[in-house]
Colleague: 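What follows is a structure written as structure tokens; I'll ask about it next.
Note on naming: letters A, B, ... go to the chains in the order of the sequence lines (proteins, then strands), and numbering restarts at 1 for each one.
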2 protein chains.
Amino acid sequence: MRPVTTPAADPEKPEPDAAPPRSRAGAARRERGEQTRQLILETALRLFRERGYTETTMRAIAKEAGVAVGNAYYYFDSKEHLIQGFYDRNQVVHRAAVAPLLATERDFAARLRGALHAGIEANQPYHSFAATFFKSAAEPTSPLSPFSSASSPAREAAIAIFRDVVEGSDAKVDPELRAALPELLWLSWMGVILFWVYDSSPDQRRTKRLIDGAVPLVDRLVSLSRLRVLRPALRQVLALIKDVQRDD
Amino acid sequence: MRPVTTPAADPEKPEPDAAPPRSRAGAARRERGEQTRQLILETALRLFRERGYTETTMRAIAKEAGVAVGNAYYYFDSKEHLIQGFYDRNQVVHRAAVAPLLATERDFAARLRGALHAGIEANQPYHSFAATFFKSAAEPTSPLSPFSSASSPAREAAIAIFRDVVEGSDAKVDPELRAALPELLWLSWMGVILFWVYDSSPDQRRTKRLIDGAVPLVDRLVSLSRLRVLRPALRQVLALIKDVQRDD
DNA sequence: CCGCCTCCTTGAACGCGTTCAACTAGTGAC
DNA sequence: GTCACTAGTTGAACGCGTTCAAGGAGGCGG
């Protein structure tokens with residue numbers, strides 16, 4: 001079985017997994033390898049979509065892609081590593097979905113609400129097996145963990161969305177809080193995702209209610225951050241965060 | 001699955017985990033079965049402790065217990081189900097560890113802090129492979145999920161600890177908040193556990209700092225709950241919680 | 001042209017969790 | 001006593017993710 005070449009594969013796509021900086025080997029061979037890599041990844045994601053994650057076997061992916069099962073392991077350390085591609089894709093979808101809103105709307109609450117809803121919507125089609133993905137992501141040692149270094153780029157991209165939410169808004173935010181806010185909002189977003197994964201209500205209505213209910217509270221809280229009376233409390237909270245992040 | 005035949009003889013779905021209340025079968029046999037069950041569970045937990053979860057195979061458990069591998073599956077639906085026993089055990093340890101403090105101390109912050117630290121301490125010896133357990137627990141469909149119905153007894157027991165923390169304290173708490181507080185504290189406890197699982201600092205110092213830093217804030221927040229100005233905000237928060245819990 | 005190095009590919013094999021048809025033996029009904 | 005019933009037990013077998021020794025095949029120095 002000869003590997004089938006994909007019609008239009010981007011040869012300069014940066015490799016999301018461990019990309020060994022090969023020195024002076026043949027360029028043509030590398031290109032073919034990259035094609036195989038993309039072929040396997042795309043086939044895997046398609047099958048995940050069609051059948052779900054656990055129901056898709058590595059053998060099925062290999063067969064469908066027309067390669068040997070061992071070949072998939074040449075490009076991806078494990079079945080879980082294939083999920084990273086899924087994350088990257090959804091990240092892009094999320095970003096694109098909020099872009100129009102963030103370009104026009106200036107109200108902080110509206111921006112935040114929009115970002116959260118867009119994020120949920122981007123993931124909606126995959127809710128049924130997002131739980132399985134989540135299971136992998138939950139393991140701290142897993143490269144799929146949102147806190148892992150392997151996920152750093154995706155995490156930074158997600159935080160960037162919330163930075164945009166904050167900085168593009170007309171909200172008056174305490175400057176000390178302003179710096180920490182994007183990451184805090186991202187953390188809240190992780191919480192929403194966690195809730196969403198567990199949410200078995202039809203159309204995940206409860207998650208939407210959670211967002212709609214929590215956003216005004218967050219908005220209020222952020223506004224209050226500038227009150228002089230609350231300064232000490234805010235300082236205390238920020239100090240705690242910094243203290244907890246200290247890595248020793 | 002269970003042995004074949006007799007769908008009519010035993011109309012009630014037999015509980016896979018907890019001791020099944022079989023109606024009129026032989027008592028001696030049931031007793032022997034219960035012994036086998038305990039033997040398998042204890043052997044499994046011992047091996048988990050000695051070698052870690054993933055490194056312990058079902059075959060090893062069966063061999064060490066002197067039974068066939070299929071026998072373990074007669075009593076436990078899966079390898080993961082064996083973990084529930086671990087949870088129950090730790091629950092008891094946690095409870096016992098806080099009991100002396102809760103019997104004497106009356107200050108809310110001190111009680112809460114004690115409960116959290118005791119909980120972390122009870123889990124400390126298992127931190128290295130708690131991550132693996134956590135991976136299983138994180139899957140919403142898993143019976144090990146802290147939100148699953150299978151975990152209800154353990155969850156209720158855990159919430160009871162925090163109810164004790166609240167009710168045995170001399171803190172003046174808004175009555176509306178008082179009712180919801182134990183569950184909220186339990187939820188925070190889940191957050192602490194989540195943080196702890198991810199905490200790779202030596203001796204999980206960061207988790208301890210998190211507790212020590214967060215408890216005063218919670219204490220302050222609880223005290224403020226009685227202020228008239230904050231009533232509307234409190235109401236809003238409680239309403240959100242209720243709204244989100246609504247299951248439709 | 002020839003080796004040779006390296007990237008790429010192969011599929012059998014391994015150990016795992018899990019299943020299942022078959023078997024054993026204690027129990028209750030007659 | 002006997003016999004049907006069934007909780008309890010067995011271990012081979014299945015399909016899975018993963019590994020690995022072996023084998024191409026393109027490019028480069030000679």
Colleague: For Y198(B), does the six-membered ring have the charged nitrogen or CZ of R206(B) within the cation-pi criterion, i.e. under 6.0 angstrom from the centroid and within 45° of the normal?
Modeller: no
Colleague: Do D199(B) and H127(B) get their side chains close enough for a donor-acceptor pair, meaning under 3.5 Å?
Modeller: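 Note: D199(B) and H127(B) side chains miss the donor-acceptor criterion.
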Colleague: Taking the six-membered ring of Y53(A) (Phe, Tyr or Trp), confirm whether the NZ or CZ of K79(A) is under 6.0 Å from its centre and within 45° of its axis.
Modeller: yes
Colleague: Do S152(B) and R155(B) pair up side chain to side chain, a donor and an acceptor below 3.5 Å, judged on atom types alone?
Modeller: yes
Colleague: Check the phosphate of dG8(D) against T36(B), side-chain N and O only, distance under 4.0 Å to OP1 or OP2. Yes or no?
Modeller: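 False: T36(B) side-chain N/O out of range (4.0 Å or more) of dG8(D) OP1/OP2.
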Colleague: Could you state the NE2-P distance from H81(B) to dT19(C), rounded to the nearest angstrom?
Modeller: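 Roughly 11 Å, once rounded to whole Å.
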Colleague: Distance check needed: dT10(C) P versus N71(A) CG, whole Å only.
Modeller: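 Rounded to whole Å, this separation is 5 Å.
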Colleague: So, are R95(A) and D164(A) salt-bridged, with charged N and O less than 4.0 Å apart?
Modeller: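 Yes, R95(A) and D164(A) are salt-bridged.
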Colleague: Between the protein and nucleotides 16-18 of chain C, list the N/O to N/O atom pairs that are separated by less than 3.5 angstrom.
Modeller:
unit_1  : atom_1 : unit_2 : atom_2 : d
dG17(C) : OP1    : K79(B) : NZ     : 2.8
dG17(C) : OP2    : M58(B) : N      : 2.9
dG17(C) : N7     : R59(B) : NH1    : 2.7
dG17(C) : O6     : R59(B) : NH2    : 2.7
dT18(C) : OP2    : Y73(B) : OH     : 2.7
dT18(C) : OP2    : K79(B) : N      : 2.8
dT18(C) : O5'    : Y73(B) : OH     : 3.4

Colleague: Which whole-number value in Å describes the distance from Y74(B) OH to dT24(C) P?
Modeller: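 These atoms are roughly 17 Å apart.
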Colleague: Verify, without hydrogens or angle tests, whether D77(A) (side chain) and Y73(A) (backbone) share a donor-acceptor contact under 3.5 angstrom.
Modeller: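 Here the side-chain-to-backbone pair does not exist.
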